Amino acid sequence: MDPAEQFAHIATGAVYDDLTPELLAARADAVRATNAYNASSGEPSAVREELLRRVVGSMGAEVTFEPTFRCEFGRNIHLGSRFFANFDCVMLDGAPITVGDDVLLGPKVGLYTSNHVLDPVERAAGACRAAPITLGNAVWIGGGATVLPGVSIGDGAVVGGGSVVTRDVPAGVVVAGNPARVLREITDADRTGFTPRR
């Protein structure tokens, strides 16, 4: 089965063989591509953008990962414009990871679509499942947070540092904890009066 067919199968949520030669080769390609991107830190933005476009499936303008960035395949990552991920971002993209515009990730954030099965014999044989992750526009995820398979995070939501997000997050709220839970809504009282220079 070619990689495109395998990724279509994975996207259905069905159990798949994580150890096929095609998936192993696709992971190796992603390692080489992310190594080149990570090594380009400090180079002109046009150079870095071209290297990153070789890694991810699609991306808008002004997309930056501070080194090191790691992904499983890269091709299943779709990033909006003005995306910024601080140091040590990890994206396991067996299923699609779709990110809106103006999204910020703190250091050591992990987005994990892939999950091993529970049965130990099947797990040792390479059986996995994956479910997509979707981040809306203007989402901010604090440092050290983990987003697990199948989660959607609504527009403008904030995820507190160190949180583990196990279920969908509504738009315009602050969540935190393990598992993350809604702490409060974001309101006009949260406005600081900041005026951007742009």
Side-chain angles (χ1 to χ4, degrees), residues 1-101 103-117 122-135 139 141 145-152:
M1 186 183 309
D2 75 20
E5 291 176 311
Q6 289 189 43
F7 287 119
H9 174 74
I10 291 167
T12 69
V15 174
Y16 64 94
D17 183 352
D18 193 44
L19 302 176
T20 67
E22 299 84 4
L23 293 182
L24 294 172
R27 279 190 199 90
D29 289 344
V31 168
R32 285 188 289 275
T34 55
N35 283 346
Y37 175 76
N38 291 326
S40 74
S41 183
E43 295 292 326
S45 60
V47 171
R48 299 196 80 219
E49 179 180 329
E50 177 56 35
L51 289 168
L52 188 56
R53 286 191 186 280
R54 294 179 193 166
V55 177
V56 300
S58 65
M59 64 184 231
E62 300 178 47
V63 172
T64 301
F65 289 88
E66 292 294 338
T68 57
F69 163 52
R70 293 288 178 217
C71 61
E72 187 172 15
F73 302 107
R75 68 181 73 194
N76 295 321
I77 299 171
H78 306 283
L79 304 169
S81 294
R82 297 169 305 282
F83 169 86
F84 178 81
N86 216 318
F87 304 103
D88 300 328
C89 179
V90 175
M91 294 185 176
L92 294 185
D93 61 306
I97 295 174
T98 306
V99 178
D101 296 333
V103 171
L104 301 173
L105 304 184
K108 298 186 182 293
V109 167
L111 306 178
Y112 305 136
T113 70
S114 303
N115 196 9
H116 299 286
V117 299
E122 291 179 349
R123 187 170 58 246
C128 285
R129 280 200 170 109
I133 291 174
T134 303
L135 307 182
V139 168
I141 300 180
T146 300
V147 179
L148 294 179
V151 168
S152 291

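Just so we're clear, the structure is a prediction, and the values are computed from it rather than from any experiment.
Looking only at side-chain heavy atoms (C-beta outward), Glu66 and Phe84 come within less than 4.5 Å of each other. When side chains are defined from C-beta on, Ser114 does not count as touching Cys128, because their heavy atoms never get closer than 4.5 Å. Side-chain contact check for Lys108 versus Asn86: every heavy-atom pair is 4.5 Å or farther apart.
Remark: Leu24 CG to Leu19 CG distance equals 6.0 Å, nearest 0.5 Å. Here CZ of Arg54 is found 12.0 Å from CD of Glu49. Values are rounded to the nearest 0.5 Å. Of the inter-residue distances, the one linking Thr68 atom OG1 with Tyr37 atom OH reads 11.5 Å to the nearest 0.5 angstrom. One distance of note links CG of Leu52 with CD of Glu50; it measures 10.0 Å at 0.5 Å rounding.
Listed here is the closest heavy atom pair of His116 and Asp18: CE1-OD2, 4.4 Å. Ile77 approaches Val56 most closely through the heavy-atom pair O-CB, 3.7 Å. Nearest heavy atoms, Leu105 versus Leu135: CD2-CD1, 4.3 Å. Among all heavy-atom pairs drawn from Arg70 and Val31, the shortest one is NH1-O, 4.1 Å. Considering all non-hydrogen atoms of both residues, Val15 and Ala127 come closest at CG1-CB, 3.9 Å. Taking each heavy atom of Arg53 and Gly60 in turn, the nearest pair found is NH2-O, 3.6 Å.
Remark: side-chain polar atoms of Thr113 are paired, donor with acceptor, to backbone N or O of Leu92 under 3.5 angstrom. With hydrogens and angles ignored, the 3.5 Å screen pairs no side-chain donor or acceptor of Thr134 with any backbone N or O of Thr98. Put simply, the side chain of Asn76 gets close to the backbone of Gly94: a donor and an acceptor are under 3.5 Å apart. A donor-acceptor contact shorter than 3.5 Å is absent between the side chain of Asp93 and the backbone of Ala95. Of the possible donor and acceptor atoms, none in the side chain of Arg82 sits under 3.5 Å from a partner among the backbone N and O of Glu62. The main-chain N or O of Ala130 is never found under 3.5 Å from a side-chain atom of Asn115 such that the two would form a donor-acceptor pair.
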Is there a side-chain contact (heavy atoms from CB on, under 4.5 Å) between Ile141 and Val147 once you walk through the steps?
-> CA-CA 9 Å; Ile141 300 180; Val147 179; 4.0 Å; yes
Given side-chain hydrogen bond (donor to acceptor under 3.5 Å, both in side chains), test Thr20 with Gln6 step by step and report yes or no.
-> CA-CA 9 Å; Thr20 67; Gln6 289 189 43; 2.9 Å; yes
Please lay out, stage by stage, how Leu23 and Glu72 fare under the test side-chain contact (heavy atoms from CB on, under 4.5 Å).
-> CA-CA 9 Å; Leu23 293 182; Glu72 187 172 15; over 6 Å; no
Yes or no on side-chain contact (heavy atoms from CB on, under 4.5 Å) for Ile97 and His78, after CA distance, side-chain angles and deciding distance?
-> CA-CA 6 Å; Ile97 295 174; His78 306 283; over 6 Å; no
Should Phe83 and Val99 be marked as a side-chain contact (heavy atoms from CB on, under 4.5 Å) after you check the CA-CA gap, both sets of side-chain angles, and the distance that decides it?
-> CA-CA 8 Å; Phe83 169 86; Val99 178; 3.8 Å; yes
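You'll find the ring centres of Phe87 and Phe65 outside the 6.0 Å limit.
For the pair Arg129 and Tyr16, the cation does not sit on the ring face, since its NZ or CZ is not both under 6.0 Å from the ring centre and inside 45° of the axis.
Of the candidates Val55, Asn35, Val90, Phe69 forms a side chain to side chain contact (heavy atoms under 4.5 Å, CB included) with just one, namely Val55.
Shown here is His9, whose NE2 atom has more than 12 heavy atoms of other residues, nucleotides or ligands within 6.0 Å.
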